[in-house]
There are 2 protein chains.
Amino acid sequence: MADATRPPRGRKPHSSGHPSDDQSLTRERIAAAAIGMLDAKGIDNMTMRALAEALGSGVMSLYWHVANKEAVFDLALDSVLAYREPEGRGGDWRGDILHMVMDWRSTMLRHPWSALLLPRRVLGPNILVRLEHLSVCLRQGEVPEEYVNAAIWSIWNYVMGATLTRVTFGPSDEDRIAAQDRLAELGSVYPSLGRSRLLLDDDWDGAFRKGLEFLLDGIGARR
Amino acid sequence: MADATRPPRGRKPHSSGHPSDDQSLTRERIAAAAIGMLDAKGIDNMTMRALAEALGSGVMSLYWHVANKEAVFDLALDSVLAYREPEGRGGDWRGDILHMVMDWRSTMLRHPWSALLLPRRVLGPNILVRLEHLSVCLRQGEVPEEYVNAAIWSIWNYVMGATLTRVTFGPSDEDRIAAQDRLAELGSVYPSLGRSRLLLDDDWDGAFRKGLEFLLDGIGARR
DNA sequence: ACCTGAACACCGTTCAAGT
DNA sequence: ACCTGAACACCGTTCAAGT
């Protein structure tokens, strides 16, 4: 993927001097407006035209600051994923990972569109900071070198799948009812699923944590 | 004495003669054409107009058989995810799960669009068969009841995240080069990531298996 | 029951032009 | 350097109508 976080034409950061008139378009204003619009209206309603209107500019003005719509997504996505490590990081590699991952998940659930976007356009600097942190913690925990990358990717995969599923499947009442109906006939066709009431279980937070602990246990067992 | 001039236009359920003659639209034909088009041209180029053209019909004819474009996706997705358990299923719960999950992944990688679609539109009958199988295996393995659902979802999440990432991030050379460039500056900003060359590691199959084993180990430890 | 074209209400983006 | 409207090449789907 092209580095869409870089402006298409050279653009100097807002120079000091005169107080910035809040009318002028900047990448920062575009990113902020995009985030607001994505949060409020969802990913499908985030159109370039709507974004321009929210910013009080013509549609095509955006394209001076931004290569295309994907670049807007990248901008919004990256600025939402920032993470700063907490101060008191003692040698507890497992706790540190757990903290970062929990924060990662809740950040994405606060901006549901980010879960849809992240697995499509990887590699923003802020998400790399999280992966770096993961890498450091694993080595601190003395996970053998040959397992470090696999461990990072496994956590990535897990977080990605969990947030995506949570976002698309969880909150809708419509889905809830469909699941109910399905479960009625489920008993005969899917007896084991029916017994555990998998589709009615709505303890998302608990399930997420349990699964993460399966993973960390398996990783920890390699030491 | 049959009317020899009459065109073989009779609509028989199972025509013995000319398969080329069934021009009529069915959900099955629509699903098959959609799968072919998705495989060949990718998800973004699967338009209702193109689909209709491939089927030799008008665009709006599709809407008699199908509610909308999403229904076409659901149809294609479900028919691709079928799974039949292998015959020789001995008491090896771990091996059975591993087999099903590996098949699941390779099926989705054969139809990359399915990885994009599945986490958005859950609950097709064929994918439920896979989840049911998972459920049965876990109980067979005597995983405690309170962990069964979490175990199922954790495997779901893992497979979902892994295939999605593989599909969107993996195959592109463009991405490969971007990762290279990024890694160059990475050494100073992300030392730990740089050391393990995470973004250059292309042993996707190995990483997937390792991660799955972390998970199964963690689950197995609950017994 | 099944199929159709015209038309509507949108998209993202190119382009030539303005300041 | 920054912004703009008009226009292009598309979309999915509604509708009224055909057989």
Side-chain angles (χ1 to χ4, degrees), chain A residues 1-2 4 6-34 37-38 41-77 113 116-117 120-121, chain B residues 7 9-13 15 21-31 33-34 37-38 41-77 113 116-117 120-121:
Chain A
M1 87 191 63
R6 215 164 288 284
R9 328 259 198 274
R11 159 131 181 95
K12 57 182 177 183
H14 211 294
S15 61
S16 58
H18 49 281
S20 61
D21 50 346
D22 45 4
Q23 303 288 27
S24 81
L25 244 32
T26 63
R27 314 193 95 225
E28 290 72 28
R29 281 191 69 223
I30 292 174
M37 180 158 290
L38 284 163
K41 312 230 182 127
I43 201 168
D44 288 335
N45 296 316
M46 217 296 278
T47 67
M48 294 300 269
R49 288 172 214 261
L51 184 58
E53 194 183 10
L55 286 163
S57 74
V59 196
M60 294 318 298
S61 310
L62 298 172
Y63 285 83
W64 176 261
H65 304 271
V66 130
N68 49 33
K69 194 184 182 181
E70 288 219 305
V72 176
F73 283 147
D74 287 346
L75 231 40
L77 183 59
W113 48 273
L116 288 280
L117 253 27
R120 294 205 179 215
R121 317 212 28 99
Chain B
R9 192 53 74 122
R11 52 178 68 246
K12 295 179 180 180
S15 164
D21 204 16
D22 56 316
Q23 303 282 24
S24 80
L25 244 32
T26 63
R27 311 191 98 225
E28 290 72 28
R29 281 191 70 219
I30 292 175
M37 180 158 291
L38 285 162
K41 312 231 183 125
I43 201 168
D44 288 334
N45 296 317
M46 216 298 277
T47 68
M48 294 300 268
R49 288 170 215 264
L51 184 58
E53 195 183 10
L55 286 163
S57 75
V59 195
M60 292 319 298
S61 311
L62 298 171
Y63 285 82
W64 177 261
H65 303 271
V66 131
N68 49 32
K69 193 183 184 182
E70 288 217 308
V72 176
F73 282 148
D74 287 346
L75 231 41
L77 183 59
W113 48 273
L116 288 280
L117 253 26
R120 294 206 179 215
R121 317 210 30 96

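Labels below follow one simple rule: chain letters A, B, ... track the order of the sequence lines, proteins then strands, and each chain is numbered from 1.
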Which whole number of Å gives the distance between the [atom1] atom of [N] and that of [M]?
{"N": "dC8(D)", "M": "dC11(C)", "atom1": "C1'", "value": "12 Å"}
{"N": "dA16(D)", "M": "dC3(C)", "atom1": "C1'", "value": "13 Å"}
{"N": "dA9(D)", "M": "dA9(C)", "atom1": "P", "value": "22 Å"}

[X] [atom1] to [N] [atom2]: how many Å, rounded?
{"X": "I43(B)", "N": "dG12(D)", "atom1": "CD1", "atom2": "P", "result": "12 Å"}
{"X": "K41(A)", "N": "dC10(C)", "atom1": "NZ", "atom2": "C1'", "result": "15 Å"}
{"X": "L62(B)", "N": "dA1(C)", "atom1": "CG", "atom2": "C1'", "result": "16 Å"}
{"X": "E53(A)", "N": "dC10(C)", "atom1": "CD", "atom2": "C1'", "result": "14 Å"}
{"X": "L55(A)", "N": "dC2(D)", "atom1": "CG", "atom2": "C1'", "result": "15 Å"}
{"X": "D44(B)", "N": "dG12(C)", "atom1": "CG", "atom2": "P", "result": "13 Å"}

Distance, nearest 0.5 Å, that separates [atom1] of [X] from [atom2] of [Y]:
{"X": "L117(A)", "Y": "I43(A)", "atom1": "CG", "atom2": "CD1", "result": "4.5 Å"}
{"X": "N68(A)", "Y": "L62(A)", "atom1": "CG", "atom2": "CG", "result": "11.5 Å"}
{"X": "L55(A)", "Y": "H65(A)", "atom1": "CG", "atom2": "NE2", "result": "9.5 Å"}
{"X": "M48(A)", "Y": "E53(A)", "atom1": "CE", "atom2": "CD", "result": "14.0 Å"}
{"X": "K41(B)", "Y": "T47(B)", "atom1": "NZ", "atom2": "OG1", "result": "8.5 Å"}
{"X": "S61(B)", "Y": "I30(B)", "atom1": "OG", "atom2": "CD1", "result": "9.0 Å"}

*Can any side-chain N or O of R27(A) pair as donor or acceptor with the backbone N or O of V66(A) at less than 3.5 Å?*
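Not confirmed, R27(A) side chain does not pair with V66(A) backbone.
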*Is the backbone N or O of S24(A) less than 3.5 Å from a side-chain atom of R29(A), with the two atoms forming a donor-acceptor pair by type?*
yes
Ignoring backbone atoms, establish whether [X] has a side-chain N or O less than 4.0 Å from OP1 or OP2 of [N].
{"X": "H65(A)", "N": "dC3(D)", "answer": "yes"}
{"X": "S57(A)", "N": "dC3(D)", "answer": "no"}
{"X": "S61(B)", "N": "dC2(C)", "answer": "no"}

*Between dC3(C), dA1(D), dG12(D), which one does the side chain of W64(B) approach most closely?*
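Selected nucleotide (nearest to the side chain): dC3(C).
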*Nucleotide by nucleotide, 5' to 3', does protein get under 4.0 Å of the base (B), only the sugar-phosphate (S), or neither (-) in nucleotides 13-19 of chain C, counting heavy atoms?*
BB-----
_My validator wants the stems of DNA chain C: runs of 3 or more consecutive Watson-Crick or G-U pairs, both distances under 3.5 Å, written as range with range._
C:4-8 with D:12-16, C:12-16 with D:4-8
*Can you list the steps and then say if K69(A) with L51(A) is a side chain to side chain contact (heavy atoms under 4.5 Å, CB included)?*
CA-CA 10 Å; K69(A) 194 184 182 181; L51(A) 184 58; over 6 Å; no
